[in-house]
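The structure appears right after this line, and notes come after that.
These figures come from a predicted structure and were not determined experimentally.
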Amino acid sequence: MKPIPLMTPYTMGEFDLSHRVVLAPLTRQRAYGGVPQPHAALYYSQRASPGGLLISEATRVSPPASRQEEPESSFGDVPGIWTPEQVGAWAPVVDAVHAKGAVFFCQLWHVAGDAARQREQQVSPQMSFDGRRKELTSPRRVAQGEAPRVVDGFRRAARNAVDAGFDGVEILGANGYFVDGDGMENRCRFALDVVDAVVREIGGQRVGVRLDQFSAEPDEHALALDVVSRLNDHGVLYCHMIEPRVDGRRRVSRRLLPFREAFGGTFIASGGYGREEGDAAVGEGYTDLVAYERLFLANPDLPRRFELGAPLNDCVSATFHGAGAAADPAVGYTDYPFLD
């Protein structure tokens, strides 16, 4: 029988993976008060398999600017990892994943408070939401004086993640972190400062970087490509990129090839993939691993279903971010059925 490319083993640094199907970071908004809850251990362990790779939901490296803003925020009930309580709450979640024999990385994310607008504002151009929330204001650049504090926040969060038991961290949206200034060097500097600080703290063999959106404009494309190529100098384990939107939809456009060729480590592609697209991408060498979002959300045993060619559950968009009208956080979270 012809092997299924997605189900072939792969060695990612010190991690021996049994298949190429990765759980993409998915914001679920069930970490009440910014603290991971016991139901997260069930959710992630359901999606863990021996030799599988899971990436956590976006996890804050620092608190929101104002607690009063939090109930109105698009980012309510997302986990953090800046306090001992949060680190302690993540530990049993990580233990549950490791008990299944899977590898677990924590995605690190920074949101800045925008005092002028009294709302939170990203300093990165992307988040893993699926359109339910309102769009944020345009991403802003990081001021020179602000950069060292944010960089150190990532460093401390990376250490906390390792202390919680995570196998490594994924830095979110590094190509969107810009320090004011002209020229490629200045615009890349903050992204690479973050990467450098995290690598120095926990080692490049534990660090991945996710570059989520880039403009089709030549200068923005060149900027993203320059950041990717410089990751090699820092010994980063993997580069994770999302296929750009085509006609307003996420499709497998195969536009990531220049980034794949520029990066010397493991390359992860995501965005719009099904089983057939994933098999082709891996089989043709377009990517090493494929990260799945909605399909993994609705199918906790997705690798097994791919292996068997089994039918897939449909996802319920109303419970992507929180339980919706249901009071039970398990609804649309840990209640998706497995194969018989």
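Listed for the Glu261 side chain is no donor-acceptor partner under 3.5 Å among the backbone atoms of Pro258. Distance alone, capped at 3.5 Å, is enough to place a donor-acceptor pair between the Asn232 side chain and the Ala262 backbone. The backbone N or O of Asn299 lies less than 3.5 Å from no partner atom in the side chain of Asn313, so there is not a single donor-acceptor pair. No donor-acceptor distance shorter than 3.5 angstrom exists from the side chain of Glu170 to the backbone of Gly208, with no hydrogens or angles considered. At least one donor-acceptor pair closer than 3.5 Å links the side chain of Arg305 to the backbone N or O of Pro311.
Cation-pi contact between Arg254 and Tyr286: present, with separation from the ring centre below 6.0 Å and deviation from the ring axis of at most 45°.
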**Message:** Applying side-chain contact (heavy atoms from CB on, under 4.5 Å) to Asp279 and Val290, what does each step give before you reach the verdict?
**Reply:** CA-CA 9 Å; Asp279 274 338; Val290 180; over 6 Å; no
**Asked** Can you list the steps and then say if Arg155 with Asp152 is a salt bridge (charged side-chain N to carboxylate O under 4.0 Å, His left out)?
**Response** CA-CA 5 Å; Arg155 179 194 64 78; Asp152 192 60; 2.7 Å; yes
**Item:** Candidate pair Thr319 and Arg30, rule side-chain contact (heavy atoms from CB on, under 4.5 Å), full reasoning
**Value:** CA-CA 10 Å; Thr319 55; Arg30 288 168 169 84; 3.9 Å; yes
**Request:** Walk me through it: do Ser49 and His19 pass the test side-chain contact (heavy atoms from CB on, under 4.5 Å)?
**Result:** CA-CA 9 Å; Ser49 58; His19 57 77; 2.9 Å; yes
**Prompt:** Can you list the steps and then say if Glu57 with Tyr44 is a side-chain contact (heavy atoms from CB on, under 4.5 Å)?
**Reply:** CA-CA 10 Å; Glu57 59 207 280; Tyr44 283 109; 2.7 Å; yes
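For the pair His234/Val198, no side-chain contact is recorded, criterion being any heavy-atom separation below 4.5 Å from C-beta on. Using a 4.5 Å heavy-atom cutoff, the side chains of Val236 and Phe263 are in contact. Counting heavy atoms from C-beta outward, Asp167 and His98 have side chains that approach closer than 4.5 Å. By the 4.5 Å heavy-atom criterion applied to side chains, Glu243 and Tyr273 are counted as neighbours. Residues Val209 and Cys239 have side chains not in contact (no heavy-atom distance under 4.5 Å, counting atoms from C-beta outward). Side-chain atoms of Ile202 and Arg159, non-hydrogen and from C-beta on, do get closer than 4.5 Å to each other. The shortest distance between side-chain heavy atoms of Arg20 and Pro5 does not fall below 4.5 Å.
Once rounded to the nearest 0.5 Å, the distance linking OH of Tyr43 with CD of Gln37 reads 15.0 Å. Between the NE2 atom of His240 and the CG atom of Leu211 there is a distance of 9.5 Å, given to the nearest 0.5 Å. Within the model, atoms CH2 of Trp90 and CD1 of Ile81 stand 7.0 Å from one another, a figure rounded to the nearest 0.5 Å. Going from atom OH of Tyr336 over to atom CZ of Arg47 covers 8.5 Å, rounded to the nearest 0.5 Å. Taken to the nearest 0.5 Å, the CG atom of Leu26 stands 10.0 Å off from the CZ atom of Arg294. Rounding to the nearest 0.5 Å places CG of Leu6 at 7.5 Å from CZ of Arg275.
Shortest non-hydrogen contact noted between Val151 and Asp193 is CG1-O, 3.7 Å. Between Gln86 and Gly34, the closest heavy-atom pair is NE2-O, 3.0 Å. For the residue pair Pro50 and Ser18, the shortest heavy atom distance occurs at O-OG, 2.5 Å. The minimum heavy-atom distance linking Ala40 with Val93 is given by the pair O-CG1, 3.9 Å. Nearest heavy-atom pair across Ser56 and Phe166 is CB-CE2, 4.4 Å. Smallest separation of non-hydrogen atoms from Pro36 and Pro79: CG-CB, 4.1 Å.
Cluster annotation: Phe320 and Leu312 are assigned to the same hydrophobic cluster (Ile/Leu/Val/Met/Phe/Trp/Tyr, side-chain heavy-atom contacts under 4.5 Å, transitive). One hydrophobic cluster, built from ILVMFWY side chains closer than 4.5 Å, holds both Val162 and Val199. One hydrophobic cluster, built from ILVMFWY side chains closer than 4.5 Å, holds both Leu256 and Leu225. Linking Ile, Leu, Val, Met, Phe, Trp and Tyr whenever their side-chain heavy atoms come within less than 4.5 Å leaves Phe338 and Leu308 in two separate clusters. In the hydrophobic clustering of this structure, Leu295 does not group with Leu339; members are Ile, Leu, Val, Met, Phe, Trp, Tyr whose side-chain heavy atoms approach within less than 4.5 Å, directly or through other members.
Counting only N and O atoms by type, the side chains of His39 and Thr334 include no donor and acceptor under 3.5 Å apart. In summary, the side chains of Arg260 and Thr287 do not present any donor paired with an acceptor at a separation below 3.5 Å, with no hydrogens or angles considered. Under the 3.5 Å distance criterion, with hydrogens and angles disregarded, no donor-acceptor pair is assigned to the side chains of Tyr333 and Gln46.
Checked options Thr59, Val61, Val78; the residue passing with Trp109 is Val78 (criterion: side chain to side chain contact (heavy atoms under 4.5 Å, CB included)).
Using cut-offs of 30° and 60° for the angle between ring planes, the Phe154 and His110 rings count as tilted.
Under a 4.5 Å side-chain heavy-atom criterion applied to ILVMFWY residues, the cluster that includes Tyr10 comprises Met12, Phe15, Leu17, Val22, Leu53, Ile55, Val103, Phe105, Leu237, Tyr238, Ile268, Leu289 as well.
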